[in-house]
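Worksheet: the structure to be examined is printed underneath.
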Amino acid sequence: MRSSTRILLSALALYAATLTQGASLGATKRQIVDPEHGTTVNPTNGSTITAGASFPFTYQDRNFCESGYSLIWLYLSTSPPTSADVTSSGQLADGSFVFAFGDFLIPNFGLPAMQSPPPPPSTLIAPTLDVAGGTTLYFSVVETYRDCPGNIQLEFGVETTTVVYG
């Protein structure tokens, strides 16, 4: 009897541990950075941007989950952002970028533009940064995908283009 009691107690302990682990996994917020992302048309890879001067901006969103609007955030950083740099709200974490241009909302399927956040501008102004001229920077777009299949509320795509700070 002692052996069967020991087996029963071991089985119950294993079951309880499994439930506890499952509960903690279920409570963990899922953050998915998908390899699919839109394309930065402008600035082109290797373009020079100069502090205080405007440069062209064009982004073709991926709209991976076919949302009515695509939220994007624009950044400059000294190293390419990684998936770990993307927060659960779709922004880059503080310290992973040197400048944030802000957030913009791309209307899809012919929907009207919204005012807050506004649609992306066709030009951006390069900021004054504390980096040497000729430094390679990483111009990144973080695109948010909403209500994706599989009951996933948010996914993100990160697209990065190199620019030279002049």
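Note: L137 CG to T160 OG1 = 12.0 Å, rounded to the nearest 0.5 Å. With rounding to the nearest 0.5 angstrom, the OG1 atom of T161 is 11.5 Å from the OH atom of Y138. Atoms OG and CZ, from S89 and F156 in turn, are 6.5 Å apart once rounded to the nearest 0.5 Å. Note that the OG1 atom of T78 and the CG atom of D130 stand 11.5 Å from one another [nearest 0.5 Å]. From I72, atom CD1 reaches atom CD of E159 across 10.5 Å, with rounding to the nearest 0.5 Å.
Sparse packing is recorded around CZ of R146, with 12 or fewer heavy atoms of other residues, nucleotides or ligands lying under 6.0 Å away.
Side-chain heavy atoms closer than 4.5 Å link hydrophobic residues (I, L, V, M, F, W, Y) into clusters, and following such links, even through other members, never connects V164 to V98. Side-chain heavy atoms closer than 4.5 Å link hydrophobic residues (I, L, V, M, F, W, Y) into clusters, and following such links, possibly through other members, connects L154 to V33. Cluster annotation: L74 and V142 are assigned to distinct hydrophobic clusters (Ile/Leu/Val/Met/Phe/Trp/Tyr, side-chain heavy-atom contacts under 4.5 Å, transitive).
No side-chain donor-acceptor contact under 3.5 Å links D61 to the backbone of G38. Under the 3.5 Å distance criterion, the side-chain polar atoms of S54 are left unmatched by any main-chain donor or acceptor of T123. Distance alone, capped at 3.5 Å, places no donor-acceptor pair between the Y75 side chain and the P81 backbone. Judged by distance alone, the side chain of T39 and the main-chain N or O of V41 form no donor-acceptor pair under 3.5 Å.
Annotation for Y165 and A51: closest pair OH-CB, 3.2 Å, computed over non-hydrogen atoms.
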Problem set entry | side chain to side chain contact (heavy atoms under 4.5 Å, CB included) between V158 and D85, worked out | CA-CA 10 Å; V158 179; D85 294 326; over 6 Å; no
For this session: Could you check N63 against F109 for side chain to side chain contact (heavy atoms under 4.5 Å, CB included), going step by step and ending with a plain yes or no?
Result: CA-CA 10 Å; N63 196 16; F109 312 115; 3.5 Å; yes
Exercise. Passes ring-ring contact (aromatic ring centres under 6.0 Å, His included), F99 versus F101? Steps please.
Worked result: CA-CA 7 Å; F99 187 79; F101 290 96; 4.9 Å; yes
Exercise. Given the rule in the side chain to side chain contact (heavy atoms under 4.5 Å, CB included) test, do T40 and N42 qualify, once you have shown the distances and angles that lead to the verdict?
Worked result: CA-CA 6 Å; T40 300; N42 286 304; 5.8 Å; no
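F139 and F55 have perpendicular rings, their planes meeting at more than 60° on a 0 to 90° scale where under 30° would count as parallel.
Of the N and O atoms on the side chains of T162 and N45, at least one donor lies less than 3.5 Å from an acceptor on the other residue. E143 and Y59 share a donor-acceptor pair across their side chains, judged by distance under 3.5 Å alone.
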